[in-house]
Amino acid sequence: MSDDTLRPVNPLLISTAVSLAAFMEVLDTTIANVALSHISGSLGASSEESTWVLTSYLVANGIILPLSGWLSALMGRKNFFIFCILGFTLTSFLCGIATSLPMLIVFRLLQGLTGGGLQPSQQAIIKDSFPAEKLGMAFAITGITTVLAPILGPTLGGLITDNFSWRWIFFMNVPVGLLAAFLVNSLVVDPPSARKQKVDSIDYIGLSLIALGLGALQIVLDKGQQEDWFDSSFIIIFASIAVVGLILAVFWILRQKNPVVELKLFAIPSFSLPCIMIFFVGFALYSSAMLLPMLVQTSFGYDATLSGLVLSPGGIATLFMMPIVGKLVNKIQAKYLISFGMLLSAVGMWATGLVTPQTGYGTFVLVRALQTVGIPFLFIPASTLAFSKISPESSSNASAIVSLMRNLGGSIGIALVTNKLIHSQQIEQAHLVQHLTTADPGYQSAIANYTQSIMNLGVPAVQASTMAIAKIYQELIQQANILAYRDAYNFVAIILVVLAVVALFMPSNALQKKGAPIATH
């Protein structure tokens, strides 16, 4: 069969088909976050127990991501992709009809296992569908799925749970999944490098070590703050399992002739360095998407729907920038685009830290748009550079590693930023309390003003004084909370600025210079 018959006449058609299911899978990493209170109430579970609905999905997803390249070779990429779509669709339906929390957790685990192969397979299929000189535009399309879905997740989840039922966040995957399976089956044709390969033996040891190490690591990252990190024997045990499992996995895999994960790809500088940058794309994207809804809900009284709507315009800004950056990739060296994106996102993080108790909805929308408008400058050039010297035979394995790095960045980013936030809340509150003394003129003036205002409503003086103190303490908690979020955003901004400088020292790639096509191998 000729190359012409293997390549779709219009790569945009195939990109749309494979992106449908992948978009829904990435959406499910964040859409359930705002529905936890509804789920726990409906199934008679505590809030703490309901968080396993998120953890089980992330653990299963983290395990299957690095293995998806190997599974694609085992089954054939198209067959594996369709299997993942149908599995994800079925388990989504089962999640929707779950009648107890244990049942929902099991189905979410299966949903994560079946859906975990969709992101890397989608990326590999799109990469091989576009000609080499349009690789930047190919990753602009995958970026829409990767970047836009987590941003829209909380908004869509809030709208569905507030107006319908949490079960519909799972049921809506069913028609989309069936349509995606039909389109992929009709449009996608595997090139010879992506067809089913004969496997003499299965590396059960490598599979087990990866599953054990990554599964334990995801549990540590997701449950660490809740369990008070290393003050908990639960976290110590799983952290030890993660470290031992991953170290043994690396040593074992590097000795195998046909490894389940192609770690030797990291020996290619044009792949390994962008992978590090993609890790921090996940770090910035997921941690910032987690912080802002929490801020507006805890300190400004927004409900789930309105807090989600704070994020959505940022998704529009990202969507607008994707094709622009996709065209810039062939004209400007990737390291300059990456550095600019890091700086732009850092400015957005810093600007968010300037909010005050009087900040309104419009300002939150603007700072969120500023946070996300730099993401395409990070994701598209880093992905394009990462695949610039990857052969078609290694596309699926490379996509699996890239997807894993992004998701790990998100998990680690959320864990670190959450820990920073809680620590800062304690520090800022202790600092502000120092000013609540009779020697502080500002405090005395506030007490007098509040007391008088309350007395004007007919409240006795003694009771009015007590209510005034309570009111001031309530304001102190709000201000300490806002200052803590400022510290967390500044923490992320500093990391991004450092990375922007580091990106400038990445090796120049002649393939990124103006007018030069990007090679795939």
Side-chain angles (χ1 to χ4, degrees), residues 55 58-74 112-113 116-117 119-121 123-124 197 199-224 230 235-283 382-383 385-387 389-391 393-416 499 502 506-507:
T55 303
L58 293 173
V59 168
N61 220 246
I63 290 171
I64 208 68
L65 272 174
L67 303 177
S68 58
W70 176 77
L71 290 170
S72 291
L74 189 68
L113 285 173
Q119 287 184 66
S121 296
Q123 195 170 49
Q197 299 174 14
V199 177
D200 297 328
S201 61
I202 297 176
D203 181 12
Y204 291 107
I205 295 177
L207 282 170
S208 301
L209 289 173
I210 288 174
L212 190 67
L214 288 176
L217 175 61
Q218 191 62 61
I219 289 174
V220 169
L221 294 173
D222 200 55
K223 291 291 184 180
F230 293 101
I235 294 298
I236 291 173
I237 290 171
F238 275 90
S240 301
I241 292 172
V243 171
V244 173
L246 291 175
I247 290 174
L248 290 177
V250 171
F251 277 105
W252 177 267
I253 288 170
L254 288 176
R255 291 171 170 266
Q256 304 308 303
K257 184 178 179 181
N258 297 306
V260 290
V261 180
E262 222 176 306
L263 293 179
K264 292 179 180 178
L265 290 174
F266 282 107
I268 306 172
S270 64
F271 178 77
S272 56
L273 292 174
C275 273
I276 295 173
M277 293 300 167
I278 288 170
F279 173 92
F280 286 101
V281 170
F283 185 104
S383 298
L385 186 57
F387 284 87
K389 294 185 179 179
I390 298 298
S391 66
E393 292 76 17
S394 297
S395 289
S396 295
N397 283 289
S399 295
I401 293 173
V402 166
S403 298
L404 175 66
M405 293 296 288
R406 184 179 60 249
N407 281 28
L408 275 180
S411 297
I412 292 174
I414 289 173
L416 286 178
L499 288 167
V502 171
M506 291 174 62

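This is a predicted model, so every value here is computed, not measured. Side-chain atoms are counted along with the backbone in the values below, which use heavy atoms only and exclude waters and symmetry mates.
Screening residues 255-276 for ring pair (Phe, Tyr, Trp, His ring centres under 6.0 Å) gives F266-F271 as the qualifying pairs, with residues at least two apart or on separate chains.
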query: Does the side chain to side chain contact (heavy atoms under 4.5 Å, CB included) test come out yes or no for V502 and I276, once each step is laid out?
result: CA-CA 11 Å; V502 171; I276 295 173; over 6 Å; no

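The two residues I278 and V402 come nearest to each other via the heavy atoms CD1-CG1, 3.7 Å. Residues M277 and L499 approach most closely at CE-O, 4.1 Å, considering heavy atoms. Here the closest non-hydrogen pair linking C275 and I401 is SG-CG2, 4.3 Å. Of all heavy-atom pairs spanning A382 and P274, the tightest one is O-CB, 3.2 Å. Here the shortest heavy-atom pairing between A60 and G112 reads CB-C, 3.7 Å.
Contacts of L212 classified as side-chain contact (heavy atoms from CB on, under 4.5 Å), with partners at least two apart in sequence or in another chain: I241. Considering only residues two or more places apart in sequence or on other chains, I412 meets the side-chain contact (heavy atoms from CB on, under 4.5 Å) condition with L221, F279, L416. The side-chain contact (heavy atoms from CB on, under 4.5 Å) search around S399 returns P120, Q123, A124, F387, not counting sequence neighbours. V250 is linked by a side-chain contact (heavy atoms from CB on, under 4.5 Å) to L254, L263, counting only residues two or more places apart in sequence or in another chain.
Interatomic distance, CG of L71 versus CD1 of I64, reported as 5.5 Å (0.5 Å rounding). Atom CG of L246 is separated from atom CD1 of I253 by 9.5 Å, given to the nearest 0.5 angstrom. Here CZ of F283 is found 13.0 Å from CE of M405. Values are rounded to the nearest 0.5 Å.
Side-chain contact between L404 and L214 is present, with at least one heavy-atom pair separated by less than 4.5 Å.
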